[in-house]
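Both backbone and side-chain heavy atoms feed into the values below; hydrogens, waters and symmetry mates do not.
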Amino acid sequence: MRISSRVFVFLILCSIPWRSFAIENFRQPFPIVEPDPGHTKLRLSREGLEAIERITNPIAAVAVIGPYRSGKSFLLNQLLSLSCYEGFGVGHQRDTKTKGIWVWGTPLELMIDGVKTSVFYLDTEGFESVGKSNVYDDRIFALATVLSSVLIYNLPETIREADISRLSFAVELAEEFYGRVKGQDVAFEPAKLLWLIQRDFLQGKSVQEMVNEALKQVPNSEGNKNIDLVNQIRDSLAIMGDNSTAFSLPQPHLQRIKLCDMKDGELEPTYVTKREELKKLVTSIIRPKIVQGKSMNGKEFVSFLEQILEALNKGEIPSTGSLVEVFNKGVLERCLKIYSDRMATVHLPMTEQSLQGTHEIHRAEAMRAFDEQHFGRHHAKKSVTQLDEEIDKVHSNIILANRYQSSKLCEELYTKCEDQMDHLQALRLPSMAKFNAGFLQCNQSFEQECVGPSKENYEQRMSKMLGKSRSLFIKEYNHRLFNWLVAFSLSMVIVGRFVIKFFLIEIGAWLLFIFLEIYTRMFWSAETLYYSPVWHFVVVTWETIVYSPILDLDRWAIPMGVLAAVLVVYWRCCGRRKYGSHWILPLYNNPKNGSQRPRSD
């Protein structure tokens, strides 16, 4: 059976979950955090997050916490001027799917310090309900504490010691952050704590006096650890008194189960008056949520919520330390980037002392930046340690890079010097002066340019190589010079006999040849000759002719020889025709011209 295209499209549309469509009515409560199946950890609810993400203004949140069935949802409806049927579910009207934290989808728009701010109201699951663990309650409390700008602690009748104990997380969190924001630039501002006591009479005491009395130290002569812990919380709450306030609210009516059906005219007049005062008080202490020095819009608030929830779910028990790590993660990355960027500008290779000094300077700079920007006081030590470890990792990589670059540079210089020594060993005209000049230049350039941790190792290799090259050159120098002089004497014999035909040159060349080949063999060995004054004179004369800073005969010997040969040929072919056969020095007779004149002086 064929299915028409319209039916096919209809079936596809029906298969799409309705939650994927955008929410049209935001005037209703939405869950933003729900319990997992085990009711120990929390998870996000995308439906409620959509209501927050659409907000572009700075966001503030008012959260109400308290025991189970203490009137939190009714209180929120009263603050929002909503009935129970419009706003948050009250009492038995909320089933299990409303557990966790809920948000009213339409925020209140307030002008706070000249800035239009969107204020969300959060309803939290009550403490001490049946079927939940204490860890779950702690996670709800911790999340509400971190997210809110105003934390309303809703307590019926009086303040119990258990109620104070539940503030341990808020106190610990405030101790971490409160000292950094008080009188300084705000990096993270803890929630304002509002003690809300719902009772009809206070026995002649104000609600603030009641709170102060509850926060007084309890004698503990027996050293009970639980009492000590609660006393520490009392001390911390007393110290942070300017970050908290107290307010009393009478019961709205004796018939509590009918409250949702009553109008303001049916409620207790005193309650209505105090309720309006409470609205004004809450409005007066609301401030945009500040994280990392700036307010957050909807998307940033949701991202912040995701980070906090991940941190709270990480351990078996939620801890302030895990939250401090989340807050400091971005700060740590920025400070690490400061160090990495500074070290990236360092020109490698460099000496180990210079690299260590540069590392210390930039590490101190990164640590100063972290100290100025980090969150927390006690638990921040772990983040400091983590930053130090990350800096050490980068430093270790730079040390390896410095060793590599140092080895690479020194190897290049060593190879260059080695090639230069091999070239000096193969000079056409051996010259001790030229070898010494090249030797000195090579050694100086290596000392100046080779830097870093590999220098010491390569200095040893360089010293051995130069010493070996010098010994080899000296060993071959006298022998090669001797052979050169022998070849030179024979060459001058030929030149004096057949080219220039100047018999004095020929005689001198024969004398030198005889001295080198015969006289030395009869009276001295070649090695003995090298230590004689005559040989020293020959060496000095040779060095003077072959190499000087102005003229390097080894480089110009062939061009000069070719030029001399051209001049001789030119003179032999053209010079005698133009100027005749007059020579300054005596020449051999020329048999072709028939002249039998004896050679003159």
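Taking the six-membered ring for Trp, Trp104 and Tyr121 have ring centres at least 6.0 Å apart.
Pairs passing the side chain to side chain donor-acceptor pair (under 3.5 Å) check and including a residue from residues 393-402, sequence neighbours excluded, do not occur.
Side-chain atoms of Lys192 never come within 3.5 Å of backbone atoms of Ser149 as a donor-acceptor pair (strictly under, hydrogens ignored). Here the side chain of Glu86 pairs a donor or acceptor atom with the backbone of Ser83 at under 3.5 angstrom. Side chain of Lys72 to backbone of Tyr153: no donor-acceptor contact under 3.5 angstrom is found. For the pair Thr117 (side chain) and Ile59 (backbone), a donor-acceptor distance under 3.5 Å is absent. Panel note: side chain Ser148, backbone Ala63; no donor-acceptor pair is recorded below 3.5 Å. The backbone N or O of Phe88 lies less than 3.5 Å from no partner atom in the side chain of Ser73, so there is not a single donor-acceptor pair.
With contacts defined as side-chain heavy-atom distances shorter than 4.5 Å, the pair His359/Ile399 does not qualify.
Every residue two or more places apart in sequence or in another chain was checked for a side-chain hydrogen bond (donor to acceptor under 3.5 Å, both in side chains) with Asn297, and none qualifies. With sequence neighbours excluded, no residue satisfies side-chain hydrogen bond (donor to acceptor under 3.5 Å, both in side chains) with Thr358. Glu53 meets the salt bridge (charged side-chain N to carboxylate O under 4.0 Å, His left out) test with Arg46; sequence neighbours excluded. For Thr270, the side chain to side chain contact (heavy atoms under 4.5 Å, CB included) partners at least two apart in sequence or on another chain are Pro250, Lys274. With sequence neighbours left out, Arg342 forms a side-chain hydrogen bond (donor to acceptor under 3.5 Å, both in side chains) with Glu365.
Side chain to side chain, Glu276 and Tyr271 fail the donor-acceptor criterion of an N or O pair below 3.5 Å. Side-chain contact annotation: Ser303 with Glu300, donor-acceptor N/O pair under 3.5 Å absent. Between the side chains of Ser118 and Glu109, at least one donor N or O lies within less than 3.5 Å of an accepting N or O. Gln356 and Glu360 are linked by a side-chain donor-acceptor pair at a separation below 3.5 angstrom, with hydrogens and angles left out of the test. Checked by atom type, the side-chain pair Lys299/Thr56 shows no donor-acceptor distance below 3.5 Å.
Pairing each heavy atom of Glu125 with each of Ile140, the nearest pair is O-CG2, 3.9 Å.
The pair Asp113-Arg287 meets the salt-bridge criterion, with a side-chain N (NZ, NE, NH1 or NH2) lying under 4.0 Å from an Asp/Glu carboxylate O.
Heavy-atom neighbours of Lys337 NZ from other residues, nucleotides or ligands within 6.0 Å: at or below the threshold of 12. Other residues, nucleotides and ligands contribute only 12 or fewer heavy atoms inside 6.0 Å of the OH atom of Tyr404.
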Worked check of side chain to side chain contact (heavy atoms under 4.5 Å, CB included) between Val282 and Ile286: CA-CA 6 Å; Val282 172; Ile286 289 176; 3.9 Å; yes
